[in-house]
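See structure below.
Values below: every heavy atom of this structure, side chains too, minus hydrogens, waters and symmetry copies. Bear in mind that the values here come from a model prediction, so they are computed numbers and not experimental data. For the single chain, residues carry numbers from 1 onward in sequence order.
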Amino acid sequence: MSASLVAFGFARIRFFGRDAIFILVLSTMMVPGQVTIIPLYILFRDLEWLNTYLPLIVPAWFGGGAFFIFLLRQFILTINPELDDAARIDGCGWLGIYLRIALPLIKPALAAVAIFSFLGTWNDFFGPLIFLRSRDMLTLAVGLHFMATAASSSVRPNMPHLMAGSTMLLLPPLLVFFFAQRYFIQGVTFSGIKG
């Protein structure tokens with residue numbers, strides 16, 4: 001995940017303007033997603049990704065966003081810097097330190113980021129509504145909305161189908177959180193502690 005590599009750079013590598021760039025990255029959290037939707041739409045149109053699942057998968061897979069960078073940076077700051085020094089003495093460069101030292105130690109934070117990313121992608125309504133045109137490709141959230149809208153306009157709404165769709169929408173996030181709650185809680189708890 002690219003967010004962990006960027007977070008490692010902000011946490012460990014000293015370079016000119018590091019703090020200013022980090023503040024700039026954090027300030028992107030204040031930009032609403034609706035502001036960037038038109039440039040994203042034009043970009044995905046030029047890449048011929050409209051009406052495919054790629055606009056929903058690729059940004060979530062390679063992106064991460066400022067919140068994930070912040071969360072992982074805070075977690076990396078809790079790792080003892082003497083481990084970096086020992087690895088540097090053994091001949092590791094920054095990438096080796098990242099891959100061999102930091103990445104194995106930040107697994108709880110990566111699990112928390114993966115859960116947040118999954119929940120954000122799973123519950124996304126606006127992205128699939130904009131980027132998917134075919135009714136056959138709709139995600140469950142958008143399809144359930146269309147089903148509920150059609151049900152509200154008809155005389156007899158099909159409540160069993162709506163309830164089954166709602167259960168299908170709720171079940172995967174519930175299972176993910178149930179099986180990964182230990183990593184989730186550990187990742188969120190330790191990311192705020194610096195010692």
Results of side-chain contact (heavy atoms from CB on, under 4.5 Å) for [X] - residues two or more places apart only:
X: Arg88; answer: Asp84, Asp85, Trp94, Ile97
X: Ser166; answer: Leu144
X: Leu99; answer: Leu95, Leu103
X: Pro39; answer: none

Contact check, side chains of [X] and [Y], non-hydrogen atoms, under 4.5 Å:
X: Phe10; Y: Asp19; result: no
X: Tyr53; Y: Pro128; result: no
X: Arg18; Y: Ile13; result: no

Heavy-atom pair of closest approach, residues [X] and [Y]:
X: Pro104; Y: Lys107; value: O-CG, 3.5 Å
X: Ala141; Y: Asp124; value: CB-O, 4.2 Å
X: Ala60; Y: Thr121; value: CB-OG1, 3.6 Å
X: Gly9; Y: Phe15; value: O-CE2, 3.9 Å
X: Ala109; Y: Phe75; value: CB-CG, 3.5 Å
X: Ala87; Y: Ile101; value: CB-CG1, 4.1 Å

First locate atom [atom1] of [X], then atom [atom2] of [Y], and finally report the distance between them rounded to the nearest 0.5 Å.
X: Asn80; Y: Leu105; atom1: CG; atom2: CG; result: 10.0 Å
X: Gln74; Y: Ile106; atom1: CD; atom2: CD1; result: 12.5 Å
X: Ile21; Y: Phe16; atom1: CD1; atom2: CZ; result: 9.0 Å
X: Ser4; Y: Ile69; atom1: OG; atom2: CD1; result: 9.5 Å
X: Ile38; Y: Ile130; atom1: CD1; atom2: CD1; result: 9.0 Å
X: Leu129; Y: Thr139; atom1: CG; atom2: OG1; result: 8.5 Å

Kindly write out the residues that satisfy ring pair (Phe, Tyr, Trp, His ring centres under 6.0 Å) with [X], not counting sequence neighbours, or none if the list is empty.
X: His161; result: none
X: Phe67; result: Phe116
X: Phe126; result: none
X: Phe44; result: Trp49, Phe131

Run the side chain to side chain donor-acceptor pair (under 3.5 Å) test against Arg45 and tell me which residues pass, sequence neighbours left out.
none
Answer yes or no on whether Arg73 is positioned over the face of Phe22, meaning its NZ or CZ is under 6.0 Å from the six-membered ring centre and within 45° of the axis.
yes
Decide yes or no on side chain to side chain contact (heavy atoms under 4.5 Å, CB included) for Leu54 and Leu47, but give the supporting numbers first.
CA-CA 10 Å; Leu54 291 174; Leu47 291 172; over 6 Å; no
How would you list all residue pairs meeting salt bridge (Lys or Arg N to Asp or Glu O under 4.0 Å) that involve residues 128-141, not counting sequence neighbours?
none
Applying a strict under-4.5 Å side-chain criterion to I, L, V, M, F, W and Y, I'd like to know whether Ile42 and Leu40 cluster together.
yes
Under 3.5 Å donor-acceptor, Asn123 side chain and Leu119 backbone
yes
Is a donor on one side and an acceptor on the other found under 3.5 Å between the side chain of Ser27 and the backbone of Leu24?
yes
Cluster partners of Phe179, using ILVMFWY side-chain heavy atoms under 4.5 angstrom, listed by chain and number?
Leu171, Leu175, Phe178
Answer yes or no: are there more than 12 heavy-atom neighbours, outside Met29 itself, under 6.0 Å from its atom CE?
yes
